[in-house]
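Just the heavy atoms: all of them, side chains too, but no hydrogens, waters or symmetry mates, feed the values below. Just so we're on the same page: letters track the sequence lines, and every chain starts at 1.
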Protein chains: 2
Amino acid sequence: MSEMKIGQLAKASGVKTDTVRYYETLKLIEPAGRTRSGYRVYDEAAVDRITFIRRSKSLGFKLSEITSLLELQTSQTASCEDMLLRTKAKIKEAEENIQYLKRMRNALESLAADCPGGAQPLTECPILDYLAASTIEMNNK
Amino acid sequence: MSEMKIGQLAKASGVKTDTVRYYETLKLIEPAGRTRSGYRVYDEAAVDRITFIRRSKSLGFKLSEITSLLELQTSQTASCEDMLLRTKAKIKEAEENIQYLKRMRNALESLAADCPGGAQPLTECPILDYLAASTIEMNNK
DNA sequence: CTTGACCTTAGAGTATACTCTAAGGTGCAT
DNA sequence: ATGCACCTTAGAGTATACTCTAAGGTCAAG
């Protein structure tokens, strides 16, 4: 199965054919060639390339960033440092998002802790009070 | 300043006029009326409503969910429990996102820890190795 | 020779939350 | 009367990553 059409590649790499074509528009992947009738033909390396994309995505890289990772991979001049820097930047990004979500979760939890729940009328609800109160000022975003 | 036009409301509540109009299309807010010439007119309550939306957003609620929170607020039959349930669901969501990001960050960190960095050629880079390797299987998404 | 699974393209739709553009009307001051 | 800041609408654009539709061509099996 070293030569395959888009459907086989899709199945082998766990994405949809549409996704492969979409990646092609982003220059993330190119078919090795075409059949006489115009069908895309891929080799085994294409499966690795889709796998690379999927794994990068699972680590939080955007498709636009993956373009750059793939260039790195085939670059003659790039060093480990380049990849490490991208990785560290992504760690920082993840860390920031975690902190942001934690602040959110903590705020929600302290509101939840104050709320009696049950059949109390909403006029007594500290959560709605917080949301609607006009005096307290808030941090944006 | 109990009566105001959209620009004043926007300034008073910290959003753009476009955003106010956009919220109107989502039925999140409605002007109290219109001037003879067709200008939207708002009252003080509108500022509170935008504030409500902004605070809800800062807690992670989507605009579509905020529609429902606002309905809750004006409902006669709703109880504290309703609000508490929505809050708890949102906490769970935040928690899941935090866990997801932590897994991502941990994976990135263990890759970074293995990478020598510096001027090492990329053929030696364990990060790229991981991304490109065809044998190891991965967890999706 | 027809059926069915597969492939092709261009282009639109989905979700989220805006943001901007164009073309034009309003209202107050100078 | 003219300039300016403000307002109006409909509709398109932004970002991300697909996903789907329509209309049609290809190819092997029965």
Side-chain angles (χ1 to χ4, degrees), chain A residues 1 3-42 46 49-50 52-70 90 93 97 100 104 140-141, chain B residues 1 3-42 46 49-50 52-70 90 93 97 100 104 140-141:
Chain A
M1 229 244 251
E3 297 243 306
M4 51 194 148
K5 289 196 290 249
I6 199 168
Q8 275 128 44
L9 169 60
K11 204 157 280 177
S13 54
V15 299
K16 297 194 180 182
T17 57
D18 277 341
T19 305
V20 177
R21 287 193 203 95
Y22 175 61
Y23 286 172
E24 189 176 328
T25 69
L26 299 181
K27 302 192 190 307
L28 285 168
I29 190 164
E30 275 229 70
R34 295 269 185 156
T35 66
R36 261 157 299 153
S37 51
Y39 289 11
R40 288 167 181 84
V41 176
Y42 298 93
R49 207 165 164 93
I50 300 283
F52 185 105
I53 296 167
R54 292 226 300 152
R55 283 194 195 151
S56 303
K57 259 169 53 68
S58 79
L59 289 174
F61 290 98
K62 289 188 255 176
L63 294 183
S64 58
E65 293 166 336
I66 296 173
T67 304
S68 149
L69 296 186
L70 283 164
K90 192 51 69 176
E93 220 178 285
N97 285 331
Y100 173 66
M104 221 166 77
N140 198 0
K141 238 218 143 180
Chain B
M1 229 246 249
E3 297 245 306
M4 51 196 147
K5 289 196 290 248
I6 199 167
Q8 277 129 43
L9 169 60
K11 203 157 279 176
S13 53
V15 298
K16 297 193 180 182
T17 56
D18 278 340
T19 304
V20 177
R21 289 194 203 94
Y22 174 61
Y23 287 172
E24 187 175 330
T25 69
L26 298 181
K27 303 193 189 306
L28 285 168
I29 190 163
E30 276 228 69
R34 297 268 186 157
T35 65
R36 260 156 298 152
S37 52
Y39 290 10
R40 290 168 180 81
V41 177
Y42 298 92
R49 206 164 165 94
I50 300 283
F52 185 104
I53 295 168
R54 293 226 300 150
R55 283 192 194 151
S56 304
K57 258 168 56 67
S58 79
L59 289 173
F61 290 98
K62 288 188 256 174
L63 294 182
S64 59
E65 293 167 335
I66 297 173
T67 306
S68 148
L69 296 186
L70 283 163
K90 193 50 73 179
E93 220 178 285
N97 285 331
Y100 173 65
M104 221 165 76
N140 199 1
K141 235 218 147 182

Length of the CG-P vector between B/Leu28 and C/dA17, whole Å: 10 Å

With rounding to the nearest 0.5 Å, note down the distance linking CD1 in B/Ile66 to CZ in B/Arg54. 11.5 Å

Does B/Tyr39 contact C/dG27 through a side-chain donor or acceptor facing the base, at a distance under 3.5 Å? no

Can you check the A/Lys27 NZ to D/dA17 C1' distance for me, whole Å? 18 Å

Does B/Arg40 put a side-chain nitrogen or oxygen below 4.0 Å from OP1 or OP2 of D/dT8? yes

At less than 4.0 Å, is any side-chain N or O atom of B/Tyr23 found next to OP1 or OP2 of C/dA17? Yes or no. no

N or O in side chain of B/Lys16 less than 4.0 angstrom from C/dA17 OP1/OP2: no

Using every non-hydrogen atom in the two residues, find where B/Tyr42 and B/Glu24 come nearest and quote the distance to one decimal. OH-OE1, 3.7 Å

May I have the distance from B/Tyr22 (atom OH) to C/dT16 (atom P), rounded to whole angstrom? 9 Å

Calculate the interatomic distance between A/Tyr42 atom OH and C/dC6 atom P; express it in whole Å. 16 Å

Rounded to whole Å, how long is the line connecting atom CD of A/Glu3 with atom P of C/dC7? 14 Å

Base, sugar-phosphate or nothing for B/Leu26? Non-hydrogen atoms, less than 4.0 Å. nothing

Which heavy atom of A/Ser56 sits nearest a heavy atom of A/Leu69, and at what distance? OG-CD1, 3.9 Å

Could you check how far CG of A/Asp18 sits from P of C/dG13, rounded to whole Å? 16 Å

OP1 or OP2 of D/dC27 sitting under 4.0 Å from any side-chain N/O of A/Ser37? yes

Of all the nucleotides listed (C/dT8, C/dT19, D/dT19), which has the minimum atom distance to the side chain of A/Ile6? C/dT8

Let's see if you can work this out: which of C/dT8, C/dA17, D/dC7 has an atom nearest to the side-chain heavy atoms of B/Lys5? D/dC7

Given C/dC20, D/dC18, C/dC7, the nucleotide with the shortest approach to the side chain of A/Leu63: D/dC18

At under 4.0 Å between heavy atoms, what does B/Arg21 touch on the DNA or RNA strands: base, sugar-phosphate, or nothing? base

Does B/Gly60 offer a backbone N or O that forms a donor-acceptor pair with the side chain of B/Lys90 under 3.5 Å? yes

Categorize A/Arg34 for me: base, sugar-phosphate, or nothing, with a 4.0 angstrom heavy-atom threshold over every strand shown. sugar-phosphate

Verify the contact: side-chain N or O of A/Thr35 to OP1 or OP2 of C/dC7, cut-off strictly under 4.0 Å; return yes or no. no

Gap between atoms CD and P, on B/Glu24 and C/dT19 respectively (whole Å): 17 Å

B/Ile53 has an atom CD1; how far is it from atom C1' of C/dT16, in whole Å? 15 Å

Inter-residue atom distance A/Glu3.CD - A/Thr35.OG1, 0.5 Å rounding: 10.5 Å

Closest non-hydrogen atoms of A/Arg34 and A/Val41, given as atom of the first, atom of the second and distance, are C-CG2, 4.1 Å

Of all the choices, C/dA17, C/dC7, D/dA17, which nucleotide is nearest to the side chain of A/Lys57 once you look at every atom? D/dA17

